[in-house]
Every structure is written in structure tokens, then in C-alpha cells.
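To start, the structure under review is shown below, and the notes come after it.
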Amino acid sequence: MDVESNNKRATNGGRQFTPPSDSDSKESSVERELNGEIEAVELNGSGSGGHSNGHVKKLLAVEDGRIKRKAKRLIQRQNSGSGGSANQTNGNGAAVAGGASVTALGINRIMPSPGGYVVPHRRWKNSRRSRTLNRGRGLPKKGGGGGKGVWGLPGSEALAEVYEDENDPNYDSECNDRNVELREVITEITPEEFFKLAEPIVLEYYEHGDPHEVALSFDEILQAPMREHVTSILVEIAMDHKDSQREMTSVLISDLYGRVITGKDIEKGFNMLLANLPDLVLDTPEAPIMLGNFMARAVADDCIPPKFVAKTGEELRRLGLGEHAEQALRRADSLIYKHVWAHLDNVWGMGGPLRPVKTITMQMELLLKEYLSSRDVAEAQRCLRALEVPHYHHELVYEAIVMTLESLSQTTEEAMCELLKQLDLTCLVLPAGMEQGFLRAFDDMADIVLDVPLAYIILDRFVERCNRAGFLTDKIINNVPSRGRKRFVSEGDGGHVKPTTFTMRD
């Protein structure tokens with residue numbers, strides 16, 4: 001571009017531009033622009049020729065011999081169909097804007113919107129429209145469910161997944177099968193688990209003694225394969241307790257028969273116990289005798305037939321049973337040999353707190369009579385423990401005192417004193433029970449003396465003998481009753497001088 005071309009005039013809306021002088025070169029570009037003294041030059045060639053394609057050349061500012069480009073800005077583009085004059089060019093080929101702004105070619109390439117509002121550059125950062133140019137339909141990404149902290153469209157978690165990938169590690173072919181048939185599955189418990197469930201029920205039965213509650217509890221936990229284990233569990237638990245609990249167990253087996261278990265189940269349970277006797281003997285040496293008593297009582301209660309215990313040696317060997325099982329069967333067979341089975345009701349004795357009071361009192365009287373005939377203190381102590389009524393031992397002391405008063409014999413007094421002394425030394429009868437028994441006898445002396453006139457004399461002698469033995473407390477000695485001696489007429493008035501009396505005549 002030569003010097004002459006710099007002197008050309010370019011008109012823009014009727015305004016004339018002149019080249020600046022050297023004196024004005026020191027002025028700032030802002031002032032020159034305000035004063036309209038900025039020289040315009042054509043981009044790409046001289047301004048002599050026009051452009052046939054109608055494009056407008058952008059004018060660049062010249063400052064100090066170098067071209068300074070203006071910064072690109074996003075502007076509103078005017079629609080060609082709207083009001084206002086269109087772009088024109090003058091005869092010299094300069095660009096003329098009739099009320100419209102000049103649009104840069106680069107911006108036209110960035111926003112190819114033919115006739116709308118160009119989104120400001122600041123809004124592009126937060127826009128969800130696709131950044132890919134000339135691709136897609138301009139819809140939001142992920143259907144509007146994307147963004148920070150977003151796990152999908154609102155409510156999408158309630159929608160069922162239409163497509164399920166079989167390669168997904170969490171894919172379950174059985175759960176995703178549409179043809180699913182649901183069935184109720186009842187898990188079968190093992191004998192060990194059933195024993196843990198049944199043991200608390202049996203121990204609670206030993207407290208309340210109600211077979212009906214036990215039957216209801218077994219109905220809740222019992223399954224068909226476990227019915228044959230009921231008898232074996234009941235007998236195994238009873239072997240670790242006393243005779244009173246064994247009697248209650250025999251009663252429970254009889255009550256459960258026909259309601260919870262059958263005769264075949266009871267036979268299978270006893271067969272399990274016979275096979276397990278070698279292990280039971282390690283904990284309970286008398287297990288064969290106890291098992292024989294249980295089987296004999298079951299026969300007497302019509303729970304199993306008598307032929308169950310009448311097995312020969314060949315049958316035992318065929319069943320693989322040892323000598324302990326043979327001993328148990330022989331014990332049961334000997335108990336049911338008699339045709340009268342009434343004695344089997346007391347196969348476990350008459351003990352236990354559930355027995356009537358009169359029955360316990362009668363057992364204590366028989367115990368004392370047997371002791372007087374044998375003078376065996378150890379046997380008397382064993383029988384007293386077998387009664388299992390420690391809270392009722394004061395009745396034994398009371399019966400011993402009454403029996404001593406009625407015997408009128410010093411030999412009986414010595415025997416009873418020795419028995420009570422040994423019971424106190426072994427703590428089989430506690431001091432409280434001893435005091436209660438003596439005090440009860442002291443309170444009933446008014447009735448006893450009617451049958452035994454010498455009861456007070458014998459009681460004084462017996463209490464003195466027991467006091468020398470050293471097992472009576474001060475409370476018993478201080479409460480011993482004494483009966484006043486009847487005074488006779490010959491004994492006078494106790495030494496008082498009678499007043500002188502005079503006859504009527506005097």
C-alpha cells in the first residue's frame with residue numbers, strides 16, 4: 001500500500017476522515033478516536049476497487065505506523081428482514097452501515113444462529129447444552145439429570161430399569177426371571193438345636209408342674225422328624241435331677257402320649273437311650289437302673305407294650321446293644337413281672353413338694369417308727385433327704401417330740417435325742433426348723449396332756465436331756481411350759497395364821 005492510497009477518503013455515513021499530522025502523534029489513541037482523526041485503511045488490498053460479493057472489509061486502526069486490531073465482542077445481530085437500512089457501500093468501495101453494526105467473520109463461525117439472540121459468553125459456562133459444534137440437537141446432557149451432586153432425574157429411582165446388563169457383576173439371573181414361583185420353605189432343625197429349645201421348657205415344667213403348658217410349648221417348636229427325640233430329651237434331663245423331678249417326667253410322658261407323641265415315638269426314644277447308655281453312664285452311674293424304672297413306668301401307663309422290655313439276648317445282639325442296655329431291660333422286666341402294676345406308681349418314691357401334706361406327714365411317721373426299730377441314723381437321714389421337703393422338716397421334730405411323750409419310755413427319749421442331735425450336726429434340720437418344731441409342741445401341750453397326764457413331766461426331762469446334748473437354743477429353753485401343781489387341803493393356807501373364831505353360843 002503506497003502513500004497515495006493513504007490519502008484516500010473513506011466515507012462512513014457521510015463522515016470524512018483525514019490523516020493525522022506529526023504534531024498529533026503524541027496524542028493518545030482514545031483522544032484521536034474521539035476527535036475522529038483515526039485513519040482507516042482497507043484490509044487485504046487497496047481501497048480503490050469494490051467487492052463484487054458484497055462483503056464489507058473491516059477497518060483497522062493505525063497507530064505509530066502499526067495496525068491495532070480491536071477486541072472481539074459478542075454483539076446483537078440485526079435481522080435482515082427487520083426495519084432499518086441495510087448495509088451499503090459507497091462508490092469508493094468503503095463499508096457503510098445504515099443503523100447496523102459490523103459483524104466479525106470469526107463470531108459468525110462460532111455462533112451459527114441465523115436470526116436469534118446470541119447467548120452472552122458469560123452464560124456459556126453454566127449452559128447444559130452440548131459443547132460439540134455442528135453436532136447433536138442442542139439438547140441437555142443426560143436428559144437434564146447431569147450436574148454436580150445429581151444422580152439422575154428426580155423420581156428416576158422409583159422407575160424400573162428397562163434394560164439390565166447381563167455382564168453386570170450385580171446381575172442376578174434368578175431374581176430377574178419373570179417366571180418365578182414362590183414357595184414356603186421351613187428349615188429343619190437338628191437334634192442339638194431341638195435340645196436347646198426343649199431344655200428351658202422342661203426346666204420350667206419342674207417349677208410349675210403343668211403338663212398342658214408343656215404341650216402347648218412343644219406344639220410351637222416341634223417338627224415331625226423331632227417327635228422321636230422328645231422322650232430321650234425328657235429322660236436325659238431327668239437323670240440329672242432328683243426323684244421328684246423324675247416322677248414329674250414320668251407323668252409328663254404319660255400326658256404327652258396321644259397328644260404330642262405316639263407310642264412308636266416313645267419306643268424310638270427309649271431305643272436311642274439304650275444305644276446311648278455307655279455315654280450316659282459316664283455322667284450318671286445309675287443310668288441303667290433309672291432307664292429301667294422309666295420304661296417300667298411307661299408300660300404301667302400304657303404308653304408302650306410289655307413286649308418292648310421282653311427282649312432276648314439274640315435281639316439285643318442284633319440291635320447292637322451292650323451290657324448296660326441289657327441291665328436296663330432286665331430291671332424293667334423285673335418290675336413288670338407281677339400282674340399288679342399299682343406299685344409302679346411309686347417307683348420314684350413318695351417325695352416332692354407337690355405331694356399332699358398328709359402324705360408327707362405319714363411318710364415322716366413311718367420314718368421315725370423304722371428308726372426306733374433299727375436305730376440306723378444314716379438310713380433315717382437318707383429317707384429324710386428323699387422326701388425333698390426341707391421347708392417341712394419342722395414337722396419331723398414335732399412328730400418326734402409327740403412320739404416321745406406318748407411312749408412313756410426313757411429308751412425312746414434317748415433314741416430321739418440322738419436322732420435330733422445328728423440331724424442338727426449334719427445341718428439336715430436347720431436351727432429355725434428345730435425351734436419351730438419344739439414351739440409347736442409347746443403350744444399343743446394343753447391337748448396332749450389330756451391323753452398323756454404325765455406329758456409335762458416327760459417334756460421337762462426330755463428338754464433337759466436335749467439341752468445337755470447341746471443343740472437347743474435359749475429361745476426353746478425359755479419357752480418351756482410348766483404346769484402348776486395342784487394343792488391339797490392338808491397343806492394348809494401356806495403358813496398364814498387363821499383368825500380366832502367364836503361359836504354362836506359364846
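Nearest heavy-atom pair across Leu472 and Cys466 is CD1-CB, 3.5 Å. The shortest non-hydrogen separation linking Leu450 to Ala446 is CG-O, 3.6 Å. Shown here for Ile233 and Ala198, the closest heavy-atom pair between the two residues is CG2-CB, 4.2 Å. The nearest pair of heavy atoms linking Leu367 to Ala380 is CD1-O, 3.7 Å. Here the closest heavy-atom approach between residue Glu414 and residue Arg465 is recorded as CG-NH1, 3.4 Å. Of all heavy-atom pairs spanning Asp301 and Ser250, the tightest one is OD2-O, 4.1 Å.
Using a 4.5 Å heavy-atom cutoff, the side chains of Val347 and Leu335 are in contact. The closest side-chain heavy-atom distance from Val309 to Phe270 is not below 4.5 Å. Counting heavy atoms from C-beta outward, Met248 and His241 have side chains that stay 4.5 Å or more apart. Between Val202 and Val214 the shortest side-chain heavy-atom distance does not fall below 4.5 Å. Side-chain atoms of Arg246 and Asn293, non-hydrogen and from C-beta on, never get closer than 4.5 Å to each other. The shortest distance between side-chain heavy atoms of Met295 and Ile336 does not fall below 4.5 Å. For the pair Ile237 and Tyr206, the minimum side-chain heavy-atom distance is below 4.5 Å. With contacts defined as side-chain heavy-atom distances shorter than 4.5 Å, the pair Leu252/Leu256 qualifies.
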Side chain to side chain contact (heavy atoms under 4.5 Å, CB included) between Val260 and Asp219, worked out | CA-CA 7 Å; Val260 178; Asp219 290 339; 3.9 Å; yes
Between Met364 and Tyr392, is a side chain to side chain contact (heavy atoms under 4.5 Å, CB included) present by the stated rule, with each step listed?
-> CA-CA 10 Å; Met364 289 183 176; Tyr392 203 60; 3.9 Å; yes
From CA spacing to verdict: side chain to side chain contact (heavy atoms under 4.5 Å, CB included), Met416, Phe462 | CA-CA 9 Å; Met416 290 298 180; Phe462 181 72; 4.1 Å; yes
Full working for side chain to side chain donor-acceptor pair (under 3.5 Å) between Thr404 and Glu413 = CA-CA 6 Å; Thr404 302; Glu413 295 179 14; over 6 Å; no
What do the steps show when you test Phe294 against Thr249 for side chain to side chain contact (heavy atoms under 4.5 Å, CB included), and what is the final call?
-> CA-CA 9 Å; Phe294 274 112; Thr249 303; 4.0 Å; yes
Test salt bridge (charged side-chain N to carboxylate O under 4.0 Å, His left out) applied to Lys196 and Glu193, step by step | CA-CA 5 Å; Lys196 293 180 180 179; Glu193 295 176 350; over 6 Å; no
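Within a 6.0 Å radius of CD in Glu286, no more than 12 heavy atoms belonging to other residues, nucleotides or ligands are found. Atom CG of Asp474 has 12 or fewer neighbouring heavy atoms from other residues, nucleotides or ligands inside a 6.0 Å radius.
Side-chain atoms of Tyr257 and Thr262 include no donor-acceptor pair closer than 3.5 Å. Side-chain N/O atoms of Trp348 and Ser244 include no donor and acceptor closer than 3.5 Å.
With rounding to the nearest 0.5 Å, the separation of CG in Leu277 from CD in Glu326 is 12.0 Å. Interatomic distance, Glu236 CD to Met290 CE, rounded to the nearest 0.5 Å: 13.0 Å. To the nearest 0.5 Å, atoms CD1 (Ile266) and CG (Asn271) are separated by 12.0 Å. Atom CG of Leu368 and atom CE of Met403 lie 5.0 Å apart (nearest 0.5 Å). Taken to the nearest 0.5 Å, the CD atom of Glu228 stands 7.0 Å off from the CE atom of Met226. With rounding to the nearest 0.5 Å, the separation of SG in Cys383 from CD in Glu370 is 5.5 Å.
A salt bridge links Arg468 and Glu464; the closest N-O separation between the charged side-chain nitrogens and carboxylate oxygens is under 4.0 Å. For Asp255 and Arg259, the salt-bridge test fails: no basic side-chain N is under 4.0 Å from an acidic carboxylate O. A salt bridge is absent between Asp265 and Lys268; no separation between the charged side-chain nitrogens and carboxylate oxygens falls under 4.0 Å.
Judged as a side chain to side chain donor-acceptor pair (under 3.5 Å), the pairs with a partner in residues 421-441 (not counting sequence neighbours) are, in order, His394-Arg440, Glu395-Arg440, Glu418-Gln422, Glu435-Thr473.
For the pair Asp210 (side chain) and His212 (backbone), a donor-acceptor distance under 3.5 Å is present. With hydrogens and angles disregarded, no donor-acceptor distance shorter than 3.5 Å links the side chain of Ser254 to the backbone of Val251. Remark: side-chain polar atoms of Tyr371 are paired, donor with acceptor, to backbone N or O of Ala415 under 3.5 angstrom. Under a 3.5 Å cut-off, the side chain of Thr284 and the backbone N or O of Val281 do not form any donor-acceptor pair. Under the 3.5 Å distance criterion, the side-chain polar atoms of Glu247 are left unmatched by any main-chain donor or acceptor of Lys242. A distance-only check finds no donor-acceptor pair linking the side chain of Asn276 to the backbone of Met272 [under 3.5 Å].
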